Amino acid sequence: MKDMPIDEAVLPPEPRNYHGVNWAGLKTLYQREVRRFWKVGMQTLAAPVVTSLLYMMVFVVAAQGARPPVHGVAFGTFVAPGLIMMAILNNAFANSSSSLLQAKMNGLIGDFLTPPLTPPEHVAGFALGAATRGILVGLVTAIVVMPFAHVPVTHLWAVLYFGLGAALILGLLGVMAGLWAEKFDNMAVVTNFIVMPMTFLSGTFYLVDRLPEPFRTGSHFNPFFYLIDGFRYGFIGHAEGSLYTGVLMTAGLVVALTSVCLWMFETGYKIKT
């Protein structure tokens, strides 16, 4: 059998050469993260909303008339933004952390590493997918709690800035936790001993200025306090802490956590052998 001419030989396919951002791959990863939580909407969307509604009923409806106004607004109006922000924080973290941990536990992390995606594209896909879940749960929670509390929007920029910033921060923190954790027990430690305490001790249901020392001062070193305080400022027009510090801290945390996540993907931290 004669040899085939070189121009007719079957050559192996060459990988696509992407110039700049692989928008197709980034879009696919983002859609994968969104569809992942959308398929189990009763667990990822409805359940957190029911939890927030129960908090609202306990703290507002059950204690109606027993709590004085806070900063000139009804107690329900004060608590509602904190509940919305708490839903954003918890769900953004849960999305990215569980996605990466489950992929590692099931031996599917290669599905993320094989496609021609750079570390910035990996970080953006996971963080934006987590932020989307956090914002969606926050929006639904806001709609549900409205019948129990009149919540006006005083400064829309603060609502958008701190809401989106919080979703990105916890999404990035979830990426870090998902890459670090080797089993579900490790993730439970982060959730139960870091995320949840920082959320509940950030002034969600109370004024931190009423706490005794050293808890009052310590609360002002909690970044979640500035996220919730700035978000609440967008609704009631009053900030308990420094709004300027909150704005800078939010931007700084996004940059810092993004840098750490980039380093983890670039070095293959606990995902490459």
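Since we're looking at a predicted model, the values are computed, not measured.
Linking ILVMFWY residues whenever their side-chain heavy atoms come closer than 4.5 Å, directly or via other members, places Trp263 and Phe126 in the same cluster. A chain of hydrophobic side-chain contacts below 4.5 Å, direct or via other Ile, Leu, Val, Met, Phe, Trp or Tyr residues, connects Leu113 to Met264. Cluster annotation: Val189 is not connected to Leu89 through the hydrophobic network of ILVMFWY side chains, with a link wherever side-chain heavy atoms come within less than 4.5 Å. When the side chains of ILVMFWY residues are joined at heavy-atom separations under 4.5 Å, either directly or via intervening members, Tyr269 and Ile271 end up in a single hydrophobic cluster. Cluster annotation: Leu207 and Phe231 are assigned to the same hydrophobic cluster (Ile/Leu/Val/Met/Phe/Trp/Tyr, side-chain heavy-atom contacts under 4.5 Å, transitive).
Between Gly76 and Met56, the shortest heavy-atom contact is O-CE, 3.5 Å.
Side chain of Asn95 to backbone of Ala92: no donor-acceptor contact under 3.5 angstrom is found. Looking at Asp229, its side chain does come within 3.5 Å of a backbone N or O of Glu240 through a donor-acceptor pair. With hydrogens and angles disregarded, no donor-acceptor distance shorter than 3.5 Å links the side chain of Glu121 to the backbone of Gly25. Looking at Asn22, its side chain does come within 3.5 Å of a backbone N or O of Pro116 through a donor-acceptor pair. Listed for the Asn222 side chain is a donor-acceptor partner under 3.5 Å among the backbone atoms of Met198. Within the 3.5 Å criterion, the main-chain N or O of Trp180 finds a donor-acceptor partner in the side chain of Lys270. Proximity of a side-chain donor or acceptor of Thr258 to a complementary backbone N or O of Val254 within less than 3.5 Å is detected.
Side-chain atoms of Ser96 and Met176, non-hydrogen and from C-beta on, never get closer than 4.5 Å to each other. Side chains of Asn90 and Met196 form a contact here, defined as non-hydrogen atoms less than 4.5 Å apart. In this structure the side chain of Ile84 never reaches within 4.5 angstrom of the side chain of Ser52, judged on heavy atoms. Taking 4.5 Å as the limit, every side-chain heavy atom of Ile88 sits out of range of all side-chain heavy atoms of Leu170. Val190 places a side-chain heavy atom less than 4.5 Å from the side chain of Phe93. Using a 4.5 Å heavy-atom cutoff, the side chains of Phe112 and Leu29 are in contact. You'll find the side chain of Met85 stays beyond 4.5 Å of the side chain of Thr199, heavy atoms only. Taking the side chain as every heavy atom from C-beta outward, His220 and Asp209 approach each other to under 4.5 Å.
For Thr132, the side chain to side chain donor-acceptor pair (under 3.5 Å) partners two or more places apart in sequence, or in a different chain, are Tyr30.
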For this session: For side chain to side chain contact (heavy atoms under 4.5 Å, CB included), just list the numbers for Met249 and Leu227, CA-CA rounded to whole Å, side-chain angles, deciding distance to a tenth of an Å, and then say yes or no.
Result: CA-CA 9 Å; Met249 184 221 63; Leu227 294 175; 4.2 Å; yes
For this session: Under the side-chain hydrogen bond (donor to acceptor under 3.5 Å, both in side chains) rule, what do Arg36 and Thr44 come out as? Steps first, then yes or no, please.
Result: CA-CA 10 Å; Arg36 176 180 166 275; Thr44 58; over 6 Å; no
Exercise. Which is it for Ser99 and Arg32 under the side chain to side chain contact (heavy atoms under 4.5 Å, CB included) test, yes or no, and what are the steps along the way?
Worked result: CA-CA 10 Å; Ser99 178; Arg32 186 261 182 194; 2.8 Å; yes
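Taken from CG in Leu128 to CD1 in Ile135, the straight-line distance is 11.0 Å, to the nearest 0.5 Å. Interatomic distance, CZ of Phe200 versus OH of Tyr206, reported as 10.0 Å (0.5 Å rounding).
Atom CD of Glu213 has more than 12 neighbouring heavy atoms from other residues, nucleotides or ligands inside a 6.0 Å radius.
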Using distance only, find each side-chain donor-acceptor pair of residues 145-164 under 3.5 Å and give its atom names and separation, not counting sequence neighbours.
residue	atom	partner	partner atom	Å
Thr154	OG1	Phe235	O	2.5
His155	NE2	Tyr233	OH	3.3
Tyr161	OH	Val247	O	2.7

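In this pair, Phe265 and His122 present their aromatic rings parallel. The plane angle is below 30°, not in the 30 to 60° band.
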